[in-house]
There are 2 protein chains.
Amino acid sequence: MRIGELAARAGTTTRTLRYYEARGLLPARRSGNGYRSYDEADLRLLRQIRTLQDFGFDLEETRPFVECLRAGHPEGDSCPASLAVYRRKLDELDALIGELAAVRAKVGEQLARAESARERLAAEAEVPGGPEPECELGGAGL
Amino acid sequence: MRIGELAARAGTTTRTLRYYEARGLLPARRSGNGYRSYDEADLRLLRQIRTLQDFGFDLEETRPFVECLRAGHPEGDSCPASLAVYRRKLDELDALIGELAAVRAKVGEQLARAESARERLAAEAEVPGGPEPECELGGAGL
DNA sequence: CTAATCCTTGACCCCGACGTCAAGGAAAGA
DNA sequence: TCTTTCCTTGACGTCGGGGTCAAGGATTAG
């Protein structure tokens with residue numbers, strides 16, 4: 001099949017396939033007229049790449065999977081190098097999720113602090129003579 | 001103070017300050033010789049920007065905070081626009097963390113599946129007639 | 001035969017937040 | 001005065017994963 005059909009069957013674009021080829025990830029045979037020619041095996045390689053890309057893997061990270069398939073293995077993750085990429089990705093994800101959770105907590109704190117400060121100011125503005133706090137929540141302005 | 005000193009005091013570079021100025025985020029006065037001139041208030045603005053950047057805010061998202069400070073408020077998040085940015089960021093973070101957690105789960109599944117498949121193959125290779133595992137410590141090469 | 005698709009390569013564009021280099025002016029210390 | 005350091009503007013590079021032309025050749029439908 002030609003590039004347009006492969007792209008369509010994988011739900012991507014011809015530009016993307018040429019890009020993968022330029023990166024050495026998905027080389028193509030050529031038919032007599034110079035057109036790129038692909039087969040079902042290429043479609044499997046491409047689907048492997050796309051799946052990993054959808055997971056957020058870098059293109060380079062998909063390379064071991066592609067090479068594993070090309071080596072004749074039934075799955076892209078049948079090789080140790082692919083498993084290593086999986087593990088590295090899990091570590092990266094854990095680290096990233098942890099960082100984001102920490103940031104989330106800090107931003108949440110900042111929001112709560114800023115909101116309570118605004119409420120205090122609003123209350124003071126409403127009763128200029130003095131809030132006269134019945135409980136211990138009344139704070140003097142910074 | 002001049003640009004080099006401000007950059008040093010904020011732990012950033014002169015290039016960054018010129019970039020912020022080009023974006024209209026941190027305009028600078030000029031002294032007679034054409035040098036940029038900053039004061040302590042600029043340092044506070046800059047620190048506000050840097051703090052938010054460290055949190056992963058886009059530069060544009062820091063603008064309400066900077067404008068809030070320039071409007072004379074004691075904190076960059078004393079204004080409603082800043083609080084809105086906080087809230088939007090929390091939503092974004094929650095969405096992102098959720099997506100990453102989902103990907104993490106899927107990758108974990110894939111890894112477990114691939115690993116168990118390899119173990120099966122290894123066991124079959126070791127005892128071609130039938131796995132019959134008496135003890136799991138026997139390791140074949142590769 | 002001709003028009004409409006498809007294919008080829010090459011080359012520039014995009015985003016964000018700067019890094020880096022170049023050419024030249026200003027200031028400060030010895 | 002000389003040298004070093006700081007400042008100025010301008011312009012291009014980076015990174016990833018392609019998007020979007022442009023100019024021209026091949027193929028196919030009518």
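In what follows, chains are A, B, ... by sequence order, proteins preceding strands, each numbered from 1.
- Regarding contacts with the backbone of C/dC18, a side-chain N or O of B/Q53 is found under 4.0 angstrom from either OP1 or OP2.
- Nucleotide D/dG18 holds its P atom 15 Å from the CZ atom of A/F57, rounded to whole Å.
- Nucleotides of DNA chain C nearest to B/Y20 and A/R18 differ in position, and the one nearer the 5' end is that of A/R18.
- With no hydrogens or angles considered, a side-chain donor-acceptor pair links A/R50 and A/Y20 at under 3.5 Å.
- Atom pair A/L59:CG and D/dG18:C1' shows a separation of 9 Å (rounding to whole Å applied).
- Atom-to-atom distance recorded for B/I97:CD1 and B/R104:CZ is 14.5 Å, nearest 0.5 angstrom.
- Panel note: side chain A/D58, backbone A/E61; no donor-acceptor pair is recorded below 3.5 Å.
- Side chain of A/R15, nearest nucleotide from C/dG19, C/dA17, D/dG18: D/dG18.
- No donor-acceptor pair closer than 3.5 Å links the side chain of A/E67 to the backbone N or O of A/P64.
- If you take OH of A/Y19 and C1' of C/dC12, they are 15 Å apart, rounded to a whole angstrom.
- Side-chain atoms of B/T51 come within 3.5 Å of backbone N or O of B/R47 as a donor-acceptor pair.
- Side-chain atoms of A/T14 do not come within 3.5 Å of backbone N or O of A/I3 as any donor-acceptor pair.
- Of the residues in residues 24-41 of chain B, those placing a heavy atom less than 4.0 Å from an atom of DNA chain D are B/R30, B/G34, B/Y35, B/R36, in numerical order.
- Side chain of B/D42 to backbone of B/D39: a donor-acceptor contact under 3.5 angstrom is found.
- The distance between atom CG of A/L52 and atom P of D/dG17, rounded to the nearest whole Å, is 12 Å.
- Note: CZ (A/R23) to C1' (D/dG17) measures 10 Å, nearest angstrom.
- For B/M1 and C/dA27, the CE to C1' distance is 19 Å, given to the nearest whole Å.
- Residues A/Y19 and A/L59 are in side-chain contact: their nearest non-hydrogen atoms beyond the backbone lie under 4.5 Å apart.
- Listed in residue order, the members of residues 96-103 of chain A having a heavy atom less than 4.0 Å from DNA chain C come to none.
- Ring centers of B/F55 and B/Y86: at least 6.0 Å apart, outside the cut-off.
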Run the salt bridge (charged side-chain N to carboxylate O under 4.0 Å, His left out) check on A/R23 and A/E60 step by step: do they pass?
-> CA-CA 9 Å; A/R23 307 267 79 198; A/E60 279 312 307; 5.1 Å; no

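- If you take CZ of B/R50 and P of C/dA17, they are 10 Å apart, rounded to a whole angstrom.
- For the segment residues 2-14 of chain B, residues with any heavy atom less than 4.0 angstrom from an atom of DNA chain D are, sorted by number, B/R2, B/I3, B/G4.
- Taking atom CD of residue A/E60 and atom C1' of nucleotide D/dC15, one finds them 13 Å apart after rounding to whole Å.
- A heavy-atom distance below 4.5 Å is not found between the side chains of B/R2 and B/R36.
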